[in-house]
J.: 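Below you'll find the structure I mean.
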Amino acid sequence: MSHTYISDLKNYVGQPVTIKGWLYNKRSSGKIQFLQVRDGTGIVQGVLATNDVSPEIFQMCDRLSQESSVIITGLVREDQRAPGGYELTLTNVQLVHLAEPYPIALKEHGIGFLMEQRHLWLRSRKQVAVLKIRAEVIKAIRNFFDSRGFVLVDTPILTPAACEGTTTLFEVGYFDDKAYLTQSGQLYNEATAMALGKVYCFGPTFRAEKSKTRKHLTEFWMVEPEIAYAELDDVMNLAEEFVYTIIRQVLENRPEELKILERDTKPLEKIKLPFPRLSYHELAKLFKEWQHNFADGNDLGAPEETVIGEKFDQPLLVHRFPMKVKAFYMKADPANPEVALCVDVIAPEGYGEIIGGGQREDDLKRLEEKIKEHKLPRAAFEWYLDLRRYGSVPHGGFGLGVERTVAWLCGTEHIRECIPFPRMLYKIYP
RNA sequence: UCCCCGGUAGCUCAAUGGUGGAGCGAGCGGCUGUUAACCGCUAGGUUGUAGGUUCGAAUCCUACCCGGGGAGCCA
C-alpha cells in the first residue's frame, strides 16, 4: 500500500493522502478530535469530526494512547491554525498497535530518566532534529573529502597496542592474546597515505578514560584525513576549509532542524575564512594580558577553552604546542625544537577542541628516540618505523570529533545527545 | 580517580523533627478548532538500601548503592 510522507504534504494540497506513523499528541473536544501524527519526516495534525467518520472509528480514536501506531487517510488542507501549516481532514484511521501508557510525557523530564529511556527519547522532536543534523554533518564530511580526491580507507578497530601509549584503552580478549579497541586510526592512516596519497578514515573510536564531563564519550566517531607530502600549513589550511564547509552545509540544508532546536544561528552565520591563528606562545601571552591564570607549558584545559570561547567568535587555530604535552609522533619545529608542528582547532561558544592534528615525525632516528623517551614497546611499532625506512616523506593530518562538532552546531549542552546511543562512564544501557 | 549536589507517586517537584501533598501522566465523565487544550471525579507511596540518634525521622548522623554537575585527560 502506497503512502505519503509528511514532509511532502505541500505537494498534495486538495488531494487525499495516507500517512503511516505514530500518535504524537491528541486533543479532544467531544465531537471533534485533533490527532497529531509523526512519521519521522514531520508532524501533521489530523482533524476528526463525528460527521466524517463512522462512530466506531471516532470511538477508537478517543481511546488512542500516545505513540500508538496508526495509518490515517484524509484530505490535505492548508490551515493557519494547524501546527506546520497543513492539516488533514480525516476520513479513515486504522489502528496498527495500541501503545501501552507511554513513559515520556510532553513536558520536562530529568536527564537521568531520559537517558534510561533513550530508545524512546529518540522519537521526540529535538532528538530527531539532532540526529538529522548529525547525518548532515557526516554527509558534509564525506562529500568534502571525496570531492577533493581523498580515498576512504578503513583502519582497524582491534589493535595490538596503544596508538599513542598514553590514554587508557579498552582491553578485549583476542584468542589466546589481548587486543585493544582503537583510539585513533592515524598511525594506520600514515601507512595508507603512503600507498594512496590522500586518505581519510571515518569510524568509531574508544577511550576508556574515566572522564565525566559534557565533552566526553567512551565511544565516539572521528574522521581522520592524512596526506603525504603535506606540512603543517597545508594541514591548517585543510582544517579550516573543512570546518567552514561543514558549517555552511548544515546552515544551508538543515534550517528547520536548527529552528526546532532553538539554535541561534547568528554566531554560525558570521564565521568566515580564514580563521584566526595563534601559536601556543602567542596565546599564552594573551592569557597573561587577560590576567587569566594559565601555567605556561601546560596543555590547554577546560578553563582555557572557555576563555577562548569568550574572546573569539571564530574557531581558533592554536599551533606549535610544547613538545612535552604532545604525542610521540609529532614533528618538532626545525625553527624551535621545543615546540611541535601541531594544531588544535578550538570551537567558539565554549565547545572546545574539535580538531587535533599536525605534521608527523618523518625521520627514522628521531622517531626511534621518541619511542624510547615515551617508553613505548618498540616491537609494536616496527611496522610504523618501516614507513620512515621506505620512501619517507613529510606528511600530516588531523582528527575531527563528530559529536563535539554536532553539539556545537546544534547548541546542545552535552554531547550525549549527539549520538543515538551514547556510551559514557559506567553507562552502557540501553 | 578526586571535589560538589541530589535520590519522596510513572514523571517534575513541595513538605526542614510532629497526620506525606500538587501539577503532569493514567482511568472514568464533559466539551465541534484544540495548540504541552480545558473542566470535574478516581486510583496511585515500605520517602534509594542498611544501620543509628529520638517519645517521634522524608527531615538529623554513619556506611553503601544509584544519578547529576565539575576537574584532570582528550576529539
J.: Using Watson-Crick or G-U wobble geometry with both distances below 3.5 Å, tell me the partner of B:G6, or none.
T.: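 Across any shown strand, B:G6 pairs with B:C66.
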
J.: Report yes if the ring of A:F220 lies under 5.5 Å from the six-membered base ring of B:A75 with planes under 30°, and no otherwise.
T.: yes

J.: Base, sugar-phosphate, or nothing: which does A:S65 touch, judged by heavy atoms less than 4.0 Å apart?
T.: nothing

J.: Using a 4.0 Å heavy-atom cut-off, does A:G110 contact any base of the nucleic acid, only the sugar-phosphate backbone, or nothing at all?
T.: sugar-phosphate

J.: Considering only the C1' atoms, how many Å lie between B:A75 and B:G68, rounded to the nearest integer?
T.: 24 Å

J.: Looking at A:S211 and B:C74, is any side-chain donor or acceptor paired with a base atom of the opposite kind under 3.5 Å?
T.: no

J.: Between C1' on B:U32 and CG on A:D79, what's the gap in Å once rounded to a whole number?
T.: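 After rounding, the gap between these two atoms is 14 Å.
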
J.: I'd like the P distance from B:G69 over to B:G30, given in whole Å.
T.: 45 Å

J.: Please give the nucleotide sitting opposite B:G72 as a Watson-Crick or G-U wobble pair, both distances under 3.5 Å, or none.
T.: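 Base partner found: none.
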
J.: Determine the interatomic distance between C1' on B:G44 and the same-named atom on B:A9; round to the nearest Å.
T.: 6 Å

J.: Return yes if the base of B:C31 and the side-chain atoms of A:R27 contain a donor-acceptor N/O pair under 3.5 Å, otherwise no.
T.: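 Such a pair does not exist between side chain and base.
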
J.: Please give the distance between the C1' atoms of B:G18 and B:G56 as a whole number of Å.
T.: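 That atom pair is separated by 7 Å.
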
J.: Would you say the base of B:C11 and the side-chain of A:H109 have a donor-acceptor pair closer than 3.5 Å?
T.: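 It does not, because no donor-acceptor pair links the side chain of A:H109 to the base of B:C11 below 3.5 Å.
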
J.: When you check the gap from the basic side-chain N to the acidic O, do A:R248 and A:E269 get nearer than 4.0 Å?
T.: yes

J.: Hey, would you say the A:F398 and A:F242 ring centroids sit under 6.0 Å apart?
T.: yes

J.: To the nearest angstrom, how far is A:M424 atom CE from B:G69 atom C1'?
T.: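 Between C1' of B:G69 and CE of A:M424: 13 Å.
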
J.: For nucleotides B:U8 and B:A15, find the distance between their P atoms and express it as a whole number of Å.
T.: 14 Å

J.: Using whole Å, what does the distance between atom C1' of nucleotide B:U34 and atom CG of A:N25 come to?
T.: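 Spelled out: CG on A:N25 to C1' on B:U34 is 10 Å.
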
J.: P atom, B:C38 versus B:G7: distance in rounded Å?
T.: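 Pairwise P distance, B:C38 against B:G7, rounds to 29 Å.
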
J.: The side chain of A:S28 is closest to which nucleotide in this list: B:A36, B:U1, B:C31?
T.: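 Taking heavy atoms from C-beta onward, the closest nucleotide is B:C31.
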
J.: Mind checking A:R416 for me? I need base, sugar-phosphate or nothing, with any heavy atom below 4.0 Å counting as a touch.
T.: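 Since only primed, P, OP1 and OP2 atoms lie under 4.0 Å of A:R416, the category is sugar-phosphate.
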
J.: Less than 4.0 Å between a side-chain N and a carboxylate O, is that true for A:K132 and A:E256?
T.: no

J.: Which nucleotide in the set B:C74, B:U1, B:G68 lies at the smallest distance from any side-chain heavy atom of A:Y426?
T.: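 For A:Y426, the side-chain atoms sit closest to B:U1.
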
J.: Check this for me, if you would: do A:K126 and A:E417 make a salt bridge, where the nitrogen-to-carboxylate-oxygen distance has to be below 4.0 angstrom?
T.: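 So A:K126 does not pair with A:E417 through a salt bridge.
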
J.: Between A:R134 and A:E403, does at least one N-O distance fall below 4.0 Å, as a salt bridge requires?
T.: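 Between A:E403 and A:R134 there is a salt bridge, with a charged N closer than 4.0 Å to a carboxylate O.
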
J.: Select base, sugar-phosphate, or nothing to describe what A:L217 touches, counting heavy atoms under 4.0 Å on all strands.
T.: base

J.: Please measure how far the C1' atom in B:G27 lies from the corresponding atom in B:A71, and state the result in whole Å.
T.: 49 Å

J.: Using only heavy-atom distances, decide whether a donor-acceptor pair under 3.5 angstrom links the side-chain of A:Q45 to the base of B:U34.
T.: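 It does, because a donor-acceptor pair links the side chain of A:Q45 to the base of B:U34 below 3.5 Å.
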
J.: NE2 of A:H414 versus C1' of B:G69: gap in Å, rounded?
T.: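 Rounded to the whole Å, the gap is 9 Å.
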
J.: Looking only at the side chain of A:S29 (C-beta and beyond, no hydrogens), which of the listed nucleotides B:A36, B:C73, B:C31 gets closest?
T.: B:C31

J.: Which is true for A:E100 with a 4.0 Å heavy-atom rule: it touches a base, it touches only sugar-phosphate, or it touches nothing?
T.: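 No contact.
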
J.: Only pairs with both distances under 3.5 Å count, Watson-Crick or wobble alike; so what is the partner of B:G18 in this structure?
T.: B:C55

J.: Base, sugar-phosphate alone, or nothing: which one does A:N51 contact when heavy atoms must sit under 4.0 Å apart?
T.: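 Touches a base.
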
J.: Does a side-chain heavy-atom distance below 4.5 Å link A:T182 with A:Y188?
T.: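 No. Closest side-chain heavy atoms not under 4.5 Å.
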
J.: Grab the CD-C1' distance between A:E304 and B:C74 for me, whole Å please.
T.: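 From A:E304 CD to B:C74 C1': 14 Å.
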
J.: Whole Å only: how far is the CD atom of A:Q66 from the C1' atom of B:G10?
T.: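 It is 13 Å, rounded to the nearest whole Å.
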
J.: A:W121 vs A:F113, test: ring-ring contact (aromatic ring centres under 6.0 Å, His included). Steps then yes/no.
T.: CA-CA 10 Å; A:W121 186 26; A:F113 175 75; 9.8 Å; no

J.: Which nucleotide in the set B:U34, B:U32, B:G72 lies at the smallest distance from any side-chain heavy atom of A:R81?
T.: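 Of the candidates, B:U34 comes closest.
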
J.: Among B:A71, B:U34, B:G25, find the nucleotide with the atom closest to the side chain of A:F34.
T.: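 The answer is B:U34.
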
J.: Round to the nearest Å and state the distance from A:K210 atom NZ to B:C3 atom C1'.
T.: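 Taking atom C1' of B:C3 as the reference, NZ of A:K210 is at 17 Å.
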
J.: Report yes or no: is there a donor-acceptor pair, N or O only, under 3.5 Å between the side chain of A:E116 and the base of B:G67?
T.: no

J.: Describe the nucleic acid contact of A:K427 in one word from base, sugar-phosphate, nothing, applying a heavy-atom distance below 4.0 Å.
T.: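 A:K427: backbone/sugar contact only, no base atoms under 4.0 Å.
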
J.: Does B:U42 have a Watson-Crick or wobble mate here (both distances under 3.5 Å), and if so which one?
T.: B:A26

J.: Under a 3.5 Å limit for both distances, which nucleotide forms a Watson-Crick or G-U wobble pair with B:U32, could you say?
T.: none

J.: Looking at every strand, decide which applies to A:L400 at a 4.0 Å heavy-atom threshold: base, sugar-phosphate, or nothing.
T.: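 A:L400: no heavy atom of the nucleic acid under 4.0 Å.
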
J.: Charged N to carboxylate O below 4.0 Å: is that the case for A:R404 and A:E305?
T.: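 The answer is no: the pair does not qualify as a salt bridge.
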
J.: In whole angstrom, give me the gap between the C1' atoms of B:U46 and B:C4.
T.: 31 Å

J.: Output the single nucleotide from B:A71, B:U34, B:U1 whose closest atom is nearest the side chain of A:E87.
T.: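 Of the candidates, B:U34 comes closest.
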
J.: Whole angstroms only, please: what is the CD1-C1' distance between A:I111 and B:G69?
T.: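 The answer, rounded to whole Å, is 12 Å.
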
